[in-house]
Amino acid sequence: MLTLASKLKRDDGLKGSRASPAASDSTRRVSVRDRLLVKEVAELEANLPCTCKVHFPDPNKLHCFQLTVTPDEGYYQGGKFQFETEVPDAYNMVPPKVKCLTRIWHPNITETGEICLSLLREHSIDGTGWAPTRTLKDVVWGLNSLFTDLLNFDDPLNIEAAEHHLRDKEDFRSKVEDYIKRFAR
């Protein structure tokens, strides 16, 4: 099977030889994003949290992948949460676009899948937003942490969920468990 990595290796081999103009055009068409992704995906797969799995529906499109987070502690333990990630052409100058595909009751993720994670912001007041030095590994670890140490009730995107937690922690836990049973198995 031809993957993006093998294509890049083959194209790099053509650079040194007397390749036809069409072959050198194809070499130039490999974007900076795709070259970065080959390295970053290898690093990501070598350093994936044990609660995460990455799936590439098309191995030739490293810029589109799915992440499954299965928390092993806290409110969300026992759930399987799916995220869709798309890396834009302007990567690494702009962050990847990430959406939660699993309906969830969470202060930092809306029921429609929007995510509040500072490193996914292009511009951040606190300086913790996206920077070209960040990688896909940072994104995956950040998403994983939304279920543990980055769970933030003080600066929520889903205000209703955060207020629910403030009002009644046990009822909040019960609603989270209900959502896991209904949507995250």
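Residue indices begin at 1 and follow the sequence shown.
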Practice item. Could you check Y179 against E111 for side-chain hydrogen bond (donor to acceptor under 3.5 Å, both in side chains), going step by step and ending with a plain yes or no? Key: CA-CA 10 Å; Y179 270 51; E111 289 185 81; 2.5 Å; yes
Derivation of the ring pair (Phe, Tyr, Trp, His ring centres under 6.0 Å) call for H106 and F81:
CA-CA 12 Å; H106 192 291; F81 303 93; 8.2 Å; no
side-chain contact (heavy atoms from CB on, under 4.5 Å), that's the test. Do Y76 and I104 meet it? Break it down for me. CA-CA 9 Å; Y76 301 93; I104 185 172; 3.9 Å; yes
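Under the side chain to side chain contact (heavy atoms under 4.5 Å, CB included) criterion, E73 pairs with T148, not counting sequence neighbours. Shown here are the salt bridge (Lys or Arg N to Asp or Glu O under 4.0 Å) partners of D178, two or more places apart in sequence or in another chain: R182. Annotation: ring-ring contact (aromatic ring centres under 6.0 Å, His included) contacts of W130 (sequence neighbours excluded): Y91. A131 is linked by a side chain to side chain contact (heavy atoms under 4.5 Å, CB included) to T133, R134, counting only residues two or more places apart in sequence or in another chain. For P156, the side chain to side chain contact (heavy atoms under 4.5 Å, CB included) partners two or more places apart in sequence, or in a different chain, are P107, I159, A162. With sequence neighbours excluded, no residue satisfies salt bridge (Lys or Arg N to Asp or Glu O under 4.0 Å) with R167. By the salt bridge (Lys or Arg N to Asp or Glu O under 4.0 Å) test, E114 is found to be paired with no residue, residues two or more places apart in sequence or in another chain being considered. In this view, R173 satisfies the salt bridge (Lys or Arg N to Asp or Glu O under 4.0 Å) rule with no residue, not counting sequence neighbours. For N92, the side chain to side chain contact (heavy atoms under 4.5 Å, CB included) partners are L36, P132, not counting sequence neighbours.
The stretch residues 148-163 participates, sequence neighbours left out, in no salt bridge (Lys or Arg N to Asp or Glu O under 4.0 Å) pair at all. Listed by first and then second residue, the salt bridge (Lys or Arg N to Asp or Glu O under 4.0 Å) pairs that reach into residues 85-98 are R33-D89, sequence neighbours excluded.
Within 6.0 Å of atom NZ in K175, more than 12 heavy atoms from other residues, nucleotides or ligands are found, so the atom counts as buried in its surroundings.
Residues L151 and I180 share a single hydrophobic cluster, defined by chaining ILVMFWY side chains whose heavy atoms lie under 4.5 Å apart. Residues W141 and V69 fall into different hydrophobic clusters, defined by Ile, Leu, Val, Met, Phe, Trp and Tyr side chains chained together at heavy-atom separations under 4.5 Å.
Taking the side chain as every heavy atom from C-beta outward, L143 and L117 approach each other to under 4.5 Å. In this structure, L101 and F83 have side chains that are not in contact, with every pair of non-hydrogen atoms separated by 4.5 Å or more. Put simply, the side chain of L136 reaches to within 4.5 Å of the side chain of P96, judged on heavy atoms. Using a 4.5 Å heavy-atom cutoff, the side chains of L157 and I109 are not in contact. No side-chain heavy atom of F153 sits under 4.5 Å from any side-chain heavy atom of L166. Using a 4.5 Å heavy-atom threshold, the side chains of L67 and V140 count as touching.
Distance alone, capped at 3.5 Å, places no donor-acceptor pair between the N158 side chain and the N108 backbone. Under the 3.5 Å distance criterion, the side-chain polar atoms of D138 are matched with a main-chain donor or acceptor of T135. With S174 contributing its side chain and E170 its backbone, the two residues share no donor-acceptor pair below 3.5 Å. Q66 places no side-chain N or O within 3.5 Å of a backbone atom of E84 that could act as its donor or acceptor partner.
Counted by atom type alone, Q82 and T68 present one or more donor-acceptor pairs between their side chains at under 3.5 Å.
Closest approach of L150 and G142 over heavy atoms only: CD1-O, 4.0 Å.
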Would you list the atom pairs, donor with acceptor, under 3.5 Å between side chains in residues 42-57 and any protein atom, with sequence neighbours excluded?
| from | atom 1 | to | atom 2 | distance (Å) |
| --- | --- | --- | --- | --- |
| E43 | OE2 | K137 | NZ | 3.4 |
| N47 | ND2 | E43 | O | 2.9 |
| T51 | OG1 | N144 | OD1 | 2.6 |
| T51 | OG1 | N144 | ND2 | 3.4 |

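The aromatic rings of F172 and W105 sit tilted relative to each other, their planes meeting at an angle between 30° and 60°.
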